[in-house]
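For reference, the structure discussed in these notes is given below.
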Amino acid sequence: MNKFKQQSSALPPVILEIKNLTKKFTVEGGRQLTACDNVSLCAYAGQTLGIIGESGCGKSTLVRTVLQIHLATSGEVIFEGQDLLQAKGEKARQNRRKIQMVFQDPTAAFNPKMKVKNILCEPLKNFGLLKDSEVDAKACELLRMVELPEDFKDRYPHNMSGGQRQRLGIARALSLEPKIVVCDEATSALDVSVQEKICELLVRLQKEKGITYLFICHDLGLVDLMSHQLAVMYLGNVVELLEKGRISQHAKHPYTKALLQAVFKVDFKPGEKIQPIEGEVPSPLDIPQGCPFQSRCEKCQEYCRREKPILRQIEAGHWVACHFIEW
Amino acid sequence: MLLEVKDLQISYGNKITVDSASFSLEKGEILSIVGESGSGKTTVIRALMGCLPGNGHVSSGDILFEGCSVVNNTADDWRKMCGEEMSMIFQDSGNMINPIRKVGQQFTDYIMAHKPQTSKNDAYKMAVTMLADVRLPNPDNIMNSYPFELSGGMRQRVGIAMAMVFHPKILLADEPTSALDVTTQAQIIRQIVDVRNEFNAAVIIVTHNLGVASYMSNKIIVMKNGHIVESGSREEVIGKPQHSYTKELLAAVPVVGGKRYYE
């Protein structure tokens with residue numbers, strides 16, 4: 001039984017459980033790059049799990065390992081009662097139907113030589129679920145779902161704007177009616193007003209179809225807007241896990257607080273200053289012993305350099321990995 | 001008046017991209033140009049420095065820098081002005097410098113190209129002082145690095161150091177933090193404000209992040225489809241937006257602890 005399950009009873013069932021997932025890459029010279037270090041997380045059915053962190057913190061590697069784009073070094077990913085990482089061959093292929101992905105760059109995500117209708121129906125044909133004669137009708141249905149005109153089906157992706165292409169990416173990911181959709185910085189390449197429209201679309205589809213999202217983003221405001229649950233990652237570790245609406249007032253980990261202080265608000269009051277943390281994320285090639293955040297933390301003590309803090313529950317649904325938190 | 005732009009019209013070939021843009025800038029002021037991609041904000045600041053790409057040109061209107069028109073400048077005139085009177089920071093300064101030469105070689109070359117009488121040693125010292133000024137740790141080490149060995153934030157600081165080495169009167173910044181993380185973005189924005197305070201330079205920053213614009217600017221210009229739809233002081237534009245597009249933009253910015261889809 002995973003400790004993260006022990007939360008308030010009102011929660012929907014767990015759909016995806018990541019247990020002690022570690023991913024190491026071997027780089028030049030035989031050195032080990034630790035991208036994800038013993039990560040445990042749970043996603044609940046029909047809810048959104050937001051993951052935030054700076055570039056290089058392992059958030060993309062985490063979801064790519066869940067999707068088996070990378071092979072995990074150790075750990076388990078439990079989905080529908082089975083470990084996804086153990087499945088091989090045809091079984092692994094069938095599992096992919098249930099977890100799909102929306103990519104960051106909507107320009108690079110499509111074959112430029114394929115028409116929209118073929119892009120949208122390719123996953124279905126790949127699994128033998130659609131006849132050639134049905135392609136047009138299905139493409140129209142999918143386009144309607146993401147609020148694009150039906151006559152787009154005979155276009156090519158380069159005839160579309162960035163926001164339209166991202167809708168196309170969402171339609172393709174949803175064509176197989178997956179249980180889980182991973183959005184890896186799905187709106188980062190878009191302007192704010194387009195981003196808002198895409199987020200509204202994602203939320204509407206979630207409410208209609210009960211999809212679970214893993215929503216990766218580096219914009220705190222956006223993650224706060226979209227998520228039921230929020231995981232903050234730093235250097236391959238989850239340092240804080242909290243429920244929706246708590247981050248602005250109840251964040252406890254020094255890194256989460258530092259992130260909050262680096263956000264540019266639109267309604268700055270005169271004299272209000274941002275307080276960026278100094279320095280940069282250490283290289284994942286030589287992860288320090290002890291707390292991953294030690295090099296940039298104001299409160300860092302001798303003890304932090306020796307002992308790595310584990311994720312502890314301080315309140316229902318709120319977990320923090322720091323030695324200096326009262327719990 | 002340091003810079004004055006009057007009814008500027010910019011075209012690529014025969015296609016008008018920016019029309020009737022007017023604004024002015026005083027010494028030490030920070031002006032933000034915000035808008036969505038394709039609204040012409042980058043085109044405007046490129047025109048100010050005479051580096052419009054391809055067949056882009058100023059088709060009517062005037063740009064006055066310290067009272068003199070720069071629209072009809074020759075390549076030689078621009079060479080004298082750029083770097084010393086005004087300079088630019090790009091979205092990724094790593095792309096601006098040669099990837100197969102060390103940062104130090106290029107920095108000293110840059111200084112010596114503008115001030116040929118400077119000795120190599122003096123140029124090196126100038127560069128190191130400047131790198132230390134933008135809070136880069138271990139400037140000698142940076143001088144001896146290739147661009148790819150530096151992180152995005154460090155490369156951006158190198159870009160600021162190179163742009164500010166001759167203490168130009170105007171610093172133009174084209175989406176200087178769009179490729180950076182939130183924490184690095186905050187560091188770089190603070191650095192640009194520090195540089196303004198230290199050298200009393202005016203800054204024009206192009207950004208699509210309204211939070212950044214709101215934090216650092218004295219004046220804000222909102223652009224859409226090549227037109228300025230709203231302009232004014234920071235308080236006017238953020239506090240009392242008049243144009244519906246400005247209101248729309250402001251409402252679309254996600255705020256921590258603000259609106260949420262799930263309650």
Side-chain angles (χ1 to χ4, degrees), chain A residues 47-48 52-57 161-162 187 189-197 199-200 202-204 206-207 217-228 244-249 251 255 258-268 270 272-281 296, chain B residues 32 34-39 135-137 150-154 157 177-191 193 207-217 220 224 234-235 237-239 241 245-263:
Chain A
Q47 296 204 340
T48 305
I52 33 174
E54 291 174 84
S55 47
C57 75
S161 71
T187 60
L190 307 172
D191 286 313
V192 274
S193 53
V194 184
Q195 168 176 291
E196 192 185 30
K197 299 272 170 0
C199 290
E200 279 167 7
L202 285 171
V203 170
R204 179 176 69 84
Q206 179 171 51
K207 285 178 177 159
C217 190
H218 62 253
D219 183 339
L220 268 141
L222 186 60
V223 177
D224 190 32
L225 178 79
M226 291 289 291
S227 308
H228 293 87
K244 58 176 185 274
R246 290 179 62 86
I247 190 160
S248 57
Q249 299 296 327
Y255 178 61
L259 275 181
L260 281 166
Q261 276 171 338
V263 172
F264 288 94
K265 288 174 286 185
V266 175
D267 52 345
F268 267 107
E272 204 175 341
K273 285 259 155 48
I274 45 157
Q275 297 276 331
I277 40 171
E278 290 302 325
E280 294 187 4
V281 188
R296 300 166 87 183
Chain B
S32 294
V34 294
E36 297 186 21
S37 38
S39 61
R135 298 197 209 191
L136 273 167
L150 307 177
S151 70
M154 285 158 94
R157 280 173 199 262
T177 61
S178 303
L180 304 174
D181 281 312
V182 271
T183 50
T184 326
Q185 162 169 290
Q187 290 172 1
I188 294 297
I189 292 299
R190 200 172 64 174
Q191 192 62 59
V193 175
T207 177
H208 61 248
N209 187 331
L210 278 141
V212 168
S214 158
Y215 176 71
M216 68 188 302
S217 326
I220 297 179
K224 188 190 184 188
R234 190 208 91 102
E235 288 72 25
V237 175
I238 302 287
Y245 180 68
T246 316
K247 289 177 191 164
E248 216 175 282
L249 266 187
L250 284 167
V253 178
V255 184
V256 186
K259 181 177 95 169
R260 265 191 308 279
Y261 287 123
Y262 310 99
E263 290 303 337

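To find a chain, count down the sequence lines: A is the first, B the second, and so on, and within it residues start at 1. This structure is a prediction, so every number in the text was calculated from the model and none was measured.
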| said: For B:Gln185, is there any backbone N or O sitting under 3.5 Å from a side-chain donor or acceptor partner on B:Thr177? | reply: no
| B:Gly211 backbone acceptor or donor facing B:Asn209 side chain under 3.5 Å | yes
| query | With no hydrogens and no angle check, is any side-chain donor or acceptor of B:Asp181 less than 3.5 Å from a backbone partner on B:Thr183? | reply | no
| note | So, the part of A:Gln249 with a heavy atom under 4.5 Å from chain B: the answer is neither
| Would you call B:Glu248 and A:Lys197 a salt bridge, using N to O less than 4.0 angstrom? | no
| Heavy-atom proximity to chain A below 4.5 Å, by part of B:Met154 | both
| query | Highest number of heavy-atom pairs under 4.5 Å with chain A: which of B:Val212, B:Val193, B:Val253? | reply | B:Val212
| task | Give, as side chain, backbone, both or neither, the part of A:Val223 having an atom under 4.5 angstrom from any heavy atom of chain B. | result | neither
| What part of B:Ala251 is in contact with chain A, defined as an atom under 4.5 angstrom from a non-hydrogen atom: side chain, backbone, both or neither? | backbone
| Heavy-atom check, side chain of B:Leu250 versus side chain of B:Leu210, under 4.5 Å | yes
| field | Part of A:Leu260 lying under 4.5 Å from any heavy atom of chain B | value | side chain
| field | Donor-acceptor contact present, side-chain B:Arg234 to main-chain B:Ser214, <3.5 Å | value | yes
| said: With chain B as the partner, which of A:Leu220, A:Leu222, A:Val203 has the greatest number of non-hydrogen pairs under 4.5 Å? | reply: A:Val203
| note | Answer key: most heavy-atom pairs under 4.5 Å with chain B among A:Gln47, A:Glu54, A:Glu196 is A:Glu54
| field | Any side-chain heavy-atom pair of A:Gln195 and B:Pro254 under 4.5 Å | value | yes
| message | Taking side chain as everything from C-beta outward and backbone as N, CA, C, O, which of these in A:Glu200 sits under 4.5 Å from a heavy atom of chain B? Side chain, backbone, both or neither. | response | both
| request: Let me know if A:Asp224 has heavy atoms under 4.5 Å from chain B in its side chain, its backbone, both or neither. | output: both
| request: Start with the C-alpha distance between B:His208 and B:Val34, add both sets of side-chain angles, then the distance that settles side chain to side chain contact (heavy atoms under 4.5 Å, CB included), and finish with yes or no. | output: CA-CA 5 Å; B:His208 61 248; B:Val34 294; over 6 Å; no
| Between A:Ala262, A:Gly162, A:Gly53, which residue shows the highest count of heavy-atom pairs closer than 4.5 Å to chain B? | A:Ala262
| task | Could you tell me which of B:Ser151, B:Ser178, B:Gly153, B:Ala186 has the largest number of non-hydrogen atom pairs under 4.5 Å with chain A? | result | B:Ala186
| task | Select, from A:Gln261, A:Lys265, A:His228, the one with the greatest count of heavy-atom pairs under 4.5 Å involving chain B. | result | A:His228
| Which portion of A:Arg296 sits near chain B, non-hydrogen atoms under 4.5 angstrom | side chain
| Does a side-chain heavy-atom distance below 4.5 Å link A:Val281 with A:Cys57? | no
